[in-house]
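Below, chains carry the letters A, B, ... as their sequence lines are ordered, and counting in each starts from 1.
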Amino acid sequence: MYNHKEVEAKWRKYWADNKQYATPEGVTKDNKYYILPQLPYPSGSGLHVGHAEIYIACDIYSRFQRQQGKKVLQVMGWDAFGLPAENYAIKTNIHPRINTDTAIDNFREQIKSLGVSVDWDREVGSHNPDYYKWTQWFFLLMYEQGLAYRKKQTVNWCDSCKTVLANEQVIDGHCERCDSEIELREMEQWYLKITDYADKLIEGLDRVDWPEESIKRQRDWIGRSTGIDIDYEVVGKDFKVTCFTTTPVNFGATFIVVAPEYEYVDQLITDDNREIVEKYIEEAKAKTDLERQVDEKQKTGVFTGSYAINHLTGEQIPIWVADFVLASFGTGAVQGCPAHDERDFEFAKKFDLPIYRVVEGKDGETDKVINPDTETFDQVKIGKGIKRKMINSEMFNGLPFDEGMKATMDYFEEKGWGKRVVNYKLRDWSVSRQRFWGAPIPMLHKPLSEEEKALNELYNNNPYTVISFHAWGSSPTSRYHGWLGEQLAAEGIEYFNPELPNAENPLLSEWLDTMASEVGDKETKNSVVIGRSLGCWSALKFAENHKVRKLILAAPTVPTPSRFSSWQEAAEEKTYEMLVNFIGGDAGNLDIEKVKENVGELVVFLSTDDPYVELEETEKWFRTEFPYARIARYREVGHFDLDEFPGILEEIKQPVALDLKPLQVGDLPVILPDDVDFKPTGQSPLTYSDKFQDGIEKRYGEGWKREVDTLDTFMCSSWYFFRYLDPHNDEAFASKEALENWMPVDFYLGGPEHVTGHLLYSRFFTKVLYDAGYISFDEPFLVHRHQGIILGPDNRKMSKRWGNVINPTDVVNNYGADTIRMYEMFMGPLEQSKAWSEASVQGVRRFIDRIYKFSTTNEFANQLDSATEAELHKTIKKVTADTINLKFNTAISEFMKFINYAEKAQVTKEQWETFLVLMAPYAPFLTEELWQGSFGHSDSIHMQEWPKHDDSLLTQQSVTIAVQVNGKLRDTVEVEFDSDQEAVESAVKDSEKVQKYLENAEPKKVIYVKNKIINYII
RNA sequence: GCCGGGGUGGUGGAACUGGUAGACACGUUGGACUUAAAAUCCAAUGCCUUUAACCUGGCGUGCGGGUUCGAGUCCCGCCCUCGGCACCA
């Protein structure tokens, strides 16, 4: 009898003592294989059979790849921050670290009992300071790249969890964790600009091997739509209402609707309507998202009293407010084209607004005015693929709908009434949480002094100017300067971009004189000063003597030691001379303290492949000299010789935040304090810690305090797969070498519920790292698959409520780890959901016992039996193919077929051992016990090379042919392999069953498929 | 409502590019072993029909149609189910 408990304990110890699954050295791009099981949340209720399924599948694959000669990385870690632990802590008044660590210890033991070949020396936990130090570093990276910002806006608030949630964490208007209904609140929060990456996130999906539906879901979630923003004049007002539309059927635009939160809504309301409109807006804002959707077809809305002018018809069309318009999508205002948009149709019907047909009806209707009581929307709607023609649209008449839309957009752009734009459903990712058990946000705040308040007012509510220093050998029109001038002019921003003298052999003093005379005695306090290349030095010198709002340095040629020496040594001796000449004398001495004092914010742009500015050294110089400089890295833009540079335009427009300061990397981690009352109040618990703010003012200046919100735990899990590569690194989140060798992940297994959350975020993080030049790939997970849900024996989702929860550790104890491994894989395809069956578990255990019994009691043959050899090779071929394709269920059925065969056949010991090697990834304990124990090998079966099949052994001697008459199976005949038609037909002559049907007629036609079927047509 | 996956025996599920549907397992039934039970081993097992029996014939992959010598697999139209999104202009 096979004693699984004894055997498993023995080999677990042996593998651990021998460090058998330590990550191998000597990894290259070609021999590495990175297998990633999704990071678990270590919940207090222990491991679930669904978790087990992931780890088992990944482990089988890992062991298989190892035996195929790959160097495998398989690691485990914990997504350890989060609400359940905190809620439990609140209930028990025990610190969440304690219950989290207990849960982790429990999880670890449970996972180890499954026999997974994980390198436990690389285990990570997101709640450990040496991990969350780098989560915080990622936040700072986002901040420096201009991708983290604070904004006050409507957020999803879960009142039960007392925290804000990201859109991705709201399911059907309910909290994904506790299921309570989500409220909308106005709050100031930290956001990550994932929307900047919308296009890159869509584009990358073409390059990954993921389940088709997951790719589609991500694409839909990002929700790219192309259309046009149309500016409408408002009668009697001096501002315009801009509507976003994808289908500008504008001859049919008969009204405009804006969201209750629309920014100019107040100015649209006329006195007569004020009371009623304001009441409506107030009520709408009080509603939850869910409440707004309750009566989908029951449109509500009120007329503001204002009118806009339809460009094409010249008609005045009323502007309404209605809550079906979303403030967060497009411009928050839409044009009502009721004939061809269902919502607009409902709205127009309810409020008796005109409906004009501008596309031919379903049955060829052409009359312009539609009566919604007699004609349904179905008659007029323009569905996908419907190619009806435009009518009642003057110059667009007769065009097919698609072309009509294009023509209209062209026309509007030509007339300057609109501009083509792209909109996304994707929203920026809100990452602040008002909870305790998370990574503190590494930022500082302070209340503004009176003086600063005035400055802030100046920065934010007054026109500002832009001053630009071009580079050596440049001109005001070269590089991006000319483009920038146009862009700024279009926005009405004043731009000083003079020609600096002697561009080929410049002198700093001359450049500064020119700039001084250009600027004259204008106040520069609210100016953005830009330098590029050598112009940066001038810009810095300028800032020595002028107060400026912001200093932007692109490709700064600052005098780092190697900079000068390399120029000195380089062939370009003239360059060195010129530089010395330029900076020469006192002019070259920069008073850094003065610059710091004068500059509101210093922003540095570096390129990862700048031939003149060494990236890391320059970065270090700025971090030393200007600790609070924000350094953004751009991927491969050379010396910023760009014709267009949208990044700089965005940066110019970004206001300076005087009340914020990022921590420096050297000050990380911001440790989560222990002296905290974590009862939720809606205020972050860190607010109440005394220790947390200790020494901050002393170190950073009066008034400064740490940010008390913590980071969304999804930030922790957005980069964990990098940490596994180099988990003990103090200098970086992972070394360059480790990143280059191991990434990207070759195989990632996880649940489909993370498609629009974790997987999107992880891709975003990776792309940001790529753009900042830290890595050379921009998709983290090449191959991704989902495991299906394992249901309870009653076919319901496992839950305490139904009492149908299976604890994997019980199964391990009762039947053994190999049994649960093989059972969970044998249940069905990995990606499919399937119900637990105790009887089937026993069936698998029976199979294990049969293998054990056969191995230990069978009398092995001395002579090789060729039929057995053929069977073995057939098994090798099928198991290999199935394992590669993750069809573990059919691989296991192949094992069963082979034991069924072997029990009745002559099998040599070597043949049987080969079979055991095939089974090793699936049943690691049993096979190891037999290999080393019963068969006396002195090394591990898991280090054995994967067997290869020999195709020549697979050719069968004879083959069974199906004989059909008129497509119906009547008999089968045995013939020699590869027989021709004649031989088969003669064999068929001996079949009475078939002859019975062929007796009376000569077949009209005979179809023969070699080695498969023969079909007589009579 | 829109988008996507899936409907195969009593059950979980097999079936390569169209070529013997139901591999493998569970369950069930019968038998062997046993005083007995469990365990184990052997045999049968899609449904219907027919036969005392070997057998005969038919029907079968959600439903209806089509293409084909031949369809679980391809095409058209439905039904059911699971999952996602949900006023995204």
B:G5 P sits how many Å from A:Trp210 CH2, rounded?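 So the two atoms are 18 Å apart, to the nearest Å.
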
Spacing between A:Lys299 atom NZ and B:C87 atom P, to the nearest angstrom: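 Nearest whole value for this atom pair: 10 Å.
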
I want to verify a distance call: between B:U20, B:C41, B:C88, whose nearest atom is closest to the A:Arg850 side chain?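 Per side-chain heavy atoms of A:Arg850, the pick is B:C41.
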
Is any side-chain heavy atom of [Y] closer than 4.5 Å to one of [X]?
X        : Y        : value
A:Val959 : A:Ile961 : yes
A:Met896 : A:Arg850 : no
A:Val258 : A:Trp320 : no

Mind checking if [X] touches a base, just sugar-phosphate, or nothing, with heavy atoms under 4.0 Å?
X        : answer
A:Val755 : nothing
A:Arg970 : sugar-phosphate
A:Thr890 : sugar-phosphate

So what's B:U61 paired with, Watson-Crick or G-U wobble, going by both distances under 3.5 Å?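 WC or wobble partner does not exist here.
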
Using purine N1 to pyrimidine N3 plus N6-O4 or O6-N4 for Watson-Crick, or N1-O2 and O6-N3 for G-U wobble, both under 3.5 Å, which nucleotide pairs with B:G83?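 Matched B:G83 with B:C3 under the 3.5 Å cut-off.
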
Using the [atom1] atom on both, measure [N] against [M] and round to a whole Å.
N     : M     : atom1 : answer
B:G27 : B:U20 : P     : 30 Å
B:G10 : B:G22 : C1'   : 14 Å
B:G19 : B:U34 : P     : 50 Å

Compare side-chain N and O positions of A:Asn966 against OP1 and OP2 of B:G70 and report whether any pair is under 4.0 Å apart.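 Negative; the distance criterion is not met.
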
Report yes or no: is there a donor-acceptor pair, N or O only, under 3.5 Å between the side chain of A:Lys1004 and the base of B:C69?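 No.
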
Enter the distance from A:Met409:CE to A:Thr245:OG1 here, rounded to the nearest 0.5 Å.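 If I round to the nearest 0.5 Å, the distance is 7.0 Å.
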
